[in-house]
Amino acid sequence: MKLNVAAVRACYPALADGYAYLDGAAGTQVPVSVIDAIARAQSAGLGNSGGEFPASRRADAITADCRAAVAALTGGDPAGVILGPNMTTLTYRLAGTLASGWRPGDEVVVSRLDHDANVRPWVQAAERADAVVRWAAVDPATGELPADQYRELITERTRLVAVSAASNIIGTRPDVAAITSLARDAGALSYVDGVHATPHGPVDVRALGADFYATSAYKWSGPHIGAVIADPALLDSLRPDKLIPSPDEVPDRFELGTLPFASLAGVSAAVAHLARLADLPDTPAEGNEADVTAPAFRERLIASMTAVQRHEEELFEVLLAGLDSLPGVRTYGRAASRTATAFFNVGGKTPQQVARHLADRKVNVWNGDNYAWELAGALGIRESGAAVRAGLVHYNDSSDVERLLSAVAELAG
Ligand SMILES: Cc1ncc(COP(=O)(O)O)c(C=O)c1O
């Protein structure tokens, strides 16, 4: 299957503003079907959850659909999908909950590849519990996070291993399955940050061996919602702080206050949209209806996300070769397996100057460490403003790449 990129782009009203949106790693645009789903949910009338009247039932049905959609996207169990405002908030919450069982001398393993949202919550929780933090290192030359080092890092005292499924700045996809397997063998839990990985290809939380898998819908064409996927039985063994009268069942126990129901309808529509990407008609007449619980739906999603991955890889080859061919341009990261995320500097210019120049040429990119604080330090560029990130997602096309390359060429040399 091949993406019809023109048809994909036609689903996104925001892309009509003439900018090349290479900022998808920080948040994607949303298709009409997501915008419509949110508007429809609000228009239909929404009550709070758990009531006896139709508007409340609609809110509960939206929440259940959303859990099922996120489970279909990640290969998880709907009963183990925790919903919340974003990954960072959910991770702090789970770190606090898990750390309440840690004892002095227990150990936690974090990595220098990760976004700080999968580092600091664990480091701070460990400090409070007098637990020891052990660090997995990145090879700065290649950007790899070698899985072998975890044989030394994980001990019988390890309680948790936090690792990213893909770096948000250099795209490295570590061997997560090998790392989580070492954690499991030692009786430790694994917390996998899938925020950057999820939009770039098929995800199977079971194959990854992740006890917890975190993702954020706004990175894959949805609204600003985060989710953590876990085995409901594992969640059942945990006692987060909560209000006495709020639901005590799993996964609701982990969700604080009222969920943003209209946005959750948008999340389900985003998953339905991803599943359709590989066979969109030429006209952007998208329906929303999809039975996300049908086995065929997950198969379609996998086929669609496989096509997305191929599309991004093809474009990325051109993008990376183009950047590498420009004099004075330095790109970071050479991992064998990586997402289509470029991180680069232009000699004699600060990352901010480059980003501003690109914005003047109608190219959206990010500059800075993008919260990959430890990795920017390991690459030795944190203090100098880090670098410029240009990331590809399913709706980017060759004209976006060409515009980036010709705008960077104006500065290079
Ligand atoms: C890899 C990665 N992890 C975590 C986060 C934090 O996600 P959220 O904004 O949902 O808290 C981001 C956001 O950019 C990210 O790219």
Side-chain angles (χ1 to χ4, degrees), residues 21-30 66 70 73-74 81-96 110-124 136 138 143 145 162-174 176 179 190-201 203 205 208 210 212-229 254-256 259-260 263-264 266-267 270 332-333 335 337-343 364-376 378 386-393:
Y21 279 80
L22 298 176
D23 62 328
T28 46
Q29 303 308 307
V30 295
C66 182
V70 173
L73 180 65
T74 55
V81 175
I82 305 168
L83 300 167
N86 51 55
M87 178 274 187
T88 306
T89 306
L90 289 172
T91 303
Y92 263 113
R93 180 151 172 75
L94 282 156
V110 293
S111 99
R112 297 209 196 273
L113 185 75
D114 277 68
H115 185 287
D116 216 48
N118 202 29
V119 175
R120 224 51 59 185
W122 307 112
V123 170
Q124 290 162 358
V138 175
L145 180 76
V163 67
S164 185
S167 156
N168 65 312
I169 56 173
I170 57 173
T172 306
R173 291 175 174 278
V176 171
I179 295 165
S190 57
Y191 193 97
V192 176
D193 178 358
V195 173
H196 187 71
T198 311
H200 298 295
V203 175
V205 291
L208 289 172
F212 299 90
Y213 182 89
T215 185
S216 287
Y218 75 96
K219 309 284 191 179
W220 35 264
S221 300
H224 289 89
I225 295 292
V228 171
I229 299 95
F254 292 83
E255 294 162 348
L256 294 175
L259 288 169
S263 291
L264 301 191
V267 173
Y332 300 91
S337 174
R338 64 188 296 200
T339 61
T341 316
F343 202 50
N364 296 348
V365 294
W366 278 96
N367 61 287
D369 58 56
N370 296 286
Y371 285 24
W373 175 257
E374 296 292 339
L375 183 52
V388 177
R389 178 178 65 183
L392 299 171
V393 295

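One-based numbering, in listed order, for ligands and for the atoms of each. Start at 1 with the first residue, then count along the sequence.
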Step-by-step side chain to side chain contact (heavy atoms under 4.5 Å, CB included) determination, His200 to Arg173: CA-CA 11 Å; His200 298 295; Arg173 291 175 174 278; 3.6 Å; yes
N/O donor-acceptor pair under 3.5 Å between Arg338 side chain and Thr341 backbone: yes
From Asp193, Thr89, Asp116, Val119 - option closest to atom 3 (N) of ligand 1 by heavy atom: Asp193
Proximity winner for atom 10 (O) of ligand 1, if only heavy atoms of Gly391, Ser216, Ala166, Gly194 are counted: Ser216
For [atom], which protein heavy atom lies nearest, and how many Å away is it?
atom	answer
atom 7 (O) of ligand 1	Met87 CB, 3.7 Å
atom 11 (O) of ligand 1	Thr88 OG1, 2.5 Å
atom 16 (O) of ligand 1	Asn168 CB, 3.3 Å

Subset of ligand 1 atoms that lie under 4.0 Å from at least one heavy atom of His196: 1 (C)
Evaluation steps, side-chain hydrogen bond (donor to acceptor under 3.5 Å, both in side chains), between Thr91 and Trp122: CA-CA 9 Å; Thr91 303; Trp122 307 112; 5.9 Å; no
Greater than 12 external heavy atoms within 6.0 Å of Tyr92's OH: yes
Heavy atom of Lys219, distance to ligand 1 below 4.0 Å: yes
Which segment of His115 sits under 4.0 Å of ligand 1 when only heavy atoms are counted: side chain
Side chain, backbone, both or neither: Tyr371 near ligand 1, heavy atoms under 4.0 Å: neither
Worked check of salt bridge (Lys or Arg N to Asp or Glu O under 4.0 Å) between Arg93 and Glu255: CA-CA 9 Å; Arg93 180 151 172 75; Glu255 294 162 348; over 6 Å; no
Nitrogen or oxygen atoms of Tyr218 and ligand 1 under 3.5 Å apart: yes
Under the ring pair (Phe, Tyr, Trp, His ring centres under 6.0 Å) test, residues paired with Tyr21 that sit two or more places apart: none
Qualifying residue, where the test is side-chain hydrogen bond (donor to acceptor under 3.5 Å, both in side chains) with His196 and the options are Thr215, Asp114, Asn370, Thr339: Thr339
